[in-house]
Structure formats: structure tokens, C-alpha cells
**Student:** 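Dumping the structure here so I can ask a few things about it.
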Number of protein chains: 2
Amino acid sequence: MTNAEERIRKELIQRFGDAYKSFGLNKLMGHVVALLIYAPEPLSLTDIAKALGRSKGPVSQILRRLRDHKLVRKAWSPEDNRKDFYEIEPEIFENAFRNNLELIKNNTRLAGQLKEKVASAKKVNKMDVLFNRMVEMETFYKLMEKHHRNFLSEWISERNKMIKN
Amino acid sequence: MTNAEERIRKELIQRFGDAYKSFGLNKLMGHVVALLIYAPEPLSLTDIAKALGRSKGPVSQILRRLRDHKLVRKAWSPEDNRKDFYEIEPEIFENAFRNNLELIKNNTRLAGQLKEKVASAKKVNKMDVLFNRMVEMETFYKLMEKHHRNFLSEWISERNKMIKN
DNA sequence: TTTAACGTTTGAAAAATTCCAAACGGTCAT
DNA sequence: ATGACCGTTTGGAATTTTTCAAACGTTAAA
């Protein structure tokens, strides 16, 4: 591996770690994702642990979470090999976005529920300000959901074009 | 305060804490935001600390962060009062979204930088796969930025309509 | 000049998260 | 069967984050 490549690899891993952490995720998740994005071919658990200077334990757990979130998947490996190999999920960006969309939907649901509850409590007492705020919140997230869906379909068609080339 | 109101207040605080945590933020941030969304009038540092059963220290620091992020602001308070009062920033949702947009932009920038670096390393060695992935990543975040901007302007006009009523 | 009422900072404690080494269970080759 | 090689699970250690109590600086009244 050339020096230039090695530098890029290091930076990729470092920056993805930071980015993941800034989104409230585990830094190691970002490291693994970066490593797999970088790697031209699938890597085994041991490869990954060694490359990141970690033990198998946490890497195994992180791989589980990454597969749950559909950011990473098991690669096919020859029948005579008992080792598992991992690679980046080709739709990693789309899937990451879908995960985020779930969080948005949680908020829409939360706002709706709270709005209803406030509405019934309003009979008893003046809670108009709070009610309006819940309405605003629900409107906000509903609109956000709409835009996210638009984005998703536009991205999918955009990506299909990219793949063709 | 009626029982119904009290239950709603508790739930609001609890759920906002969870939501903030799920976005990688401090739970207490969510609690404070919920409390201020609930409160019909501004609250002092001591009010907030007492209502949440915390000491002034962490609440003071959280309020600082919330003001940095423009989710909370100091309310006007009479000249003869040395106490500070805090209230929800009226544009809290818009601002929260703007903060998120900054993270997106970081990712766009990151992808662009890495793409460039890979491009120059490519002369030396075959890194086509990695280059294509960086291109995909950059495309993804650029498209996302575009949609986020669209959302923002639509939300602002939507909200203006809400305020008029 | 003191005293009192604030918000902030700070150093250490408490809690939560991350991490490892070792144990474990499963599968295949011998 | 036995041993070798996997990935996962687990208990506790290490690290990071959150929290508090106390000290501090500032401001205004006494």
C-alpha cells in the first residue's frame, strides 16, 4: 500500500468515527463502516479487529448493530470457508436515511399523541399555548416526513442513473 | 395544577428526554426544552433546577448549550430583577433543523475532500471503487442539502400562515 | 465596606458506555 | 471422540459522560 493510500485510509477511518459520534452513534461503528467502504473486497471479523487494533468482542457486537441497521452485510464466502466476511451494504446511504426517517416518524407520532392529550385536558383548564405548540410540532414533523420521502425517491432514481454508468 | 395537566407535563419531559437522547444529545437538554415548552411563562434557573430535581450547576451548563443552539433564549425581565428568566425560542423547530443542516453540510464537505484525495492517489494505484463510493456519497449529501433547503423555506412560509391565525 | 442574591466554573463522585480477555457453543476436519 | 477454528456472550475493567456540591466572581442593596 502506498503512503498516499495509507493516509487516505487513516483519514477516512478517523473522520467517519467523528461523524458517527456527532450523530450520537458509536465511534467504532464509523470506523468499521469506513474500513469497509475503503476495502475493495470483504473483510473477516479478525481482519477488521486487527485493522482497527481492537479485540473481537466489541467488533462482533458492532457488526451485529451495523447489520441490524442495514449498513453492513455478510458477503458470500466459498462453501469450504467457515469464516464470515463482511462488506458495505450497497444501499448504505439510502438505509441510513431510512433509519433517520424512523426517528422523524417517532417525533410526529409523539407530537400527535401529546396534542390529543392536551386537547382533552383543555376542557378542564386553559392550556391553549401548549396546544398550539403541539400543533406546530406535529405540523413541522409531518412536513419533514413529506420532504424526506421526496428526497428518498429522488435519490433512488438518481442512484439508478449512477449505477448504469 | 390538575392531575391531567401534571401527567402531561411529566410525559412531555420524559419523552423529550428520550427523543433528545435518540438523536445523540443530552437527555437533560430534552427535559429542559420540554419544561419550557410546557411553561406558559418564562422560568428562572432555580425554577428549572427545582422542577427537574437537579442542582443549578448542570442546568446552568445545559442552558448555555441550549442558547448556543438557539433552542432557548433569555426572556426579558424587569429592570429591578437580577434573576434571568428563560423561555423557548419561538423558532425552535426551524433552528433545530438548521443545526442538523450543518451536520449534513459537514458530510458533504467531508465527501468532497476525500473524493479529491482519492482522485490524486488514483494515478498511482487502482482505487476506482473507493473513488466511486466517494462520488456517490457526495452526490447523496448534496441532494440531501437541496431537499433540506426546500423543506426549510416551505416550513417558514407554512409557519407564517399558522402565526397569522 | 459589608452582605445577599445571583449565574458560572470546577474538581471530584456517580453513572453510563465502551472495551477486553476469557469462557462458551457450534461446526468441521482429523 | 478430539482438536482446531469460528463468532458470540459475559463479567468486570477502563474510559467517558453526567452530575453535584462547593467555591468563585459579579452586582446591587444596605
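What you are looking at is a predicted structure, and each value in this text was computed from that prediction instead of being measured. First the proteins, then the strands, lettered A, B, ... as listed; each starts at 1.
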**Student:** Which part of the nucleic acid, if any, lies within reach of B:L28 when heavy atoms closer than 4.0 Å are counted: base, sugar-phosphate only, or nothing?
**Tutor:**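 The residue B:L28 makes sugar-phosphate contact but no base contact.
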**Student:** Nearest of D:dG7, C:dC20, D:dT19 to any side-chain atom of A:D84?
**Tutor:**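 Within the option list, the nearest is D:dG7.
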**Student:** Find the bend of the helix from C:dT1-D:dA30 to C:dT30-D:dA1 as the angle between its two terminal axes (five pairs each), to the nearest 10°.
**Tutor:**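 That helix gives 10° between its end axes.
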**Student:** Are any protein N/O atoms closer than 3.5 Å to N/O atoms in nucleotides 9-16 of chain C? If there are, list each pair with its distance.
**Tutor:**
none

**Student:** Under a 4.0 Å N-O cut-off, is there an ion pair linking B:E11 with B:R7?
**Tutor:**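 B:R7 and B:E11: not salt-bridged.
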**Student:** Out of D:dT8, C:dG7, C:dC19, which nucleotide sits closest to the side chain of B:L45?
**Tutor:**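 Nearest to the side chain of B:L45 among the choices is C:dG7.
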**Student:** Less than 4.0 angstrom from a charged side-chain N to a carboxylate O is my criterion; do A:R9 and A:E5 meet it?
**Tutor:**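 Salt bridge between A:R9 and A:E5, a charged N being under 4.0 Å from a carboxylate O: no.
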**Student:** Can you measure A:R65 atom CZ to C:dT18 atom C1' for me and round it to whole angstrom units?
**Tutor:**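 So the CZ-C1' distance, A:R65 to C:dT18, works out to 10 Å.
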**Student:** Rounding to a whole Å, what distance do you find between A:I62:CD1 and D:dG7:P?
**Tutor:**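 Interatomic distance, CD1 of A:I62 to P of D:dG7: 16 Å.
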**Student:** Rounded to the nearest Å, what distance is computed from the CZ atom of residue A:R54 to the P atom of nucleotide C:dA21?
**Tutor:**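 To the nearest whole Å, that distance equals 12 Å.
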**Student:** Rounded to whole Å, how long is the line connecting atom CG of B:L52 with atom P of D:dC20?
**Tutor:**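 B:L52 atom CG is separated from D:dC20 atom P by 10 Å.
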**Student:** Salt-bridged, B:E138 to B:K142, with N to O below 4.0 Å?
**Tutor:**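 Judged by the 4.0 Å cut-off on N to carboxylate O distance, B:E138 and B:K142 do form a salt bridge.
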**Student:** Any salt bridge between B:R159 and A:E136, counting N to O under 4.0 Å?
**Tutor:**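 Counted as a salt bridge, because a side-chain N and a carboxylate O are separated by less than 4.0 Å.
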**Student:** Below 4.0 angstrom from OP1 or OP2 of C:dT18, is there any side-chain N or O of A:N26?
**Tutor:**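 Result: yes.
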**Student:** Not counting sequence neighbours, which residues clear side-chain contact (heavy atoms from CB on, under 4.5 Å) with B:K105? List them please.
**Tutor:**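 Counting only residues at least two positions away or on another chain, B:K105 forms a side-chain contact (heavy atoms from CB on, under 4.5 Å) with B:E102, B:R109, B:E145, B:R149.
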**Student:** Does a side-chain N-to-carboxylate-O contact under 4.0 Å join B:K70 and B:E91?
**Tutor:**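 The answer is no: the pair does not qualify as a salt bridge.
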**Student:** From C-beta outward on B:R67, which listed nucleotide comes closest to its side chain: C:dC19, C:dT8, D:dG7?
**Tutor:**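 Out of C:dC19, C:dT8, D:dG7, the nucleotide with an atom closest to B:R67's side chain is C:dT8.
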**Student:** How are the rings of A:F97 and A:F151 set to each other: parallel, tilted or perpendicular (split at 30° and 60°)?
**Tutor:**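 Tilted, since the angle between the ring planes falls between 30° and 60°.
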**Student:** Starting at CG of A:L43 and ending at C1' of D:dG7, how long is that distance when rounded to a whole Å?
**Tutor:**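 Taking CG of A:L43 and C1' of D:dG7, I get 16 Å after rounding.
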**Student:** Using atom NZ of B:K83 as one end and atom C1' of D:dT26 as the other, report the distance to the nearest whole Å.
**Tutor:**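 Whole-Å distance recorded here is 17 Å.
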**Student:** Rounded to the nearest Å, what distance is computed from the CE atom of residue A:M29 to the P atom of nucleotide C:dC19?
**Tutor:**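 It works out to 12 Å between those atoms.
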**Student:** Specify the separation, in whole Å, of atom NZ of A:K27 and atom C1' of D:dT17.
**Tutor:**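 Atom-to-atom, A:K27 to D:dT17, this comes out as 14 Å.
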**Student:** Is the number of heavy atoms from other residues, nucleotides or ligands under 6.0 Å of B:K115 NZ greater than 12?
**Tutor:**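 Correct, the count exceeds 12.
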**Student:** Check this for me: does any side-chain nitrogen of one of B:E89 and B:R67 sit under 4.0 Å from a carboxylate oxygen of the other?
**Tutor:**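 No, this pair does not count.
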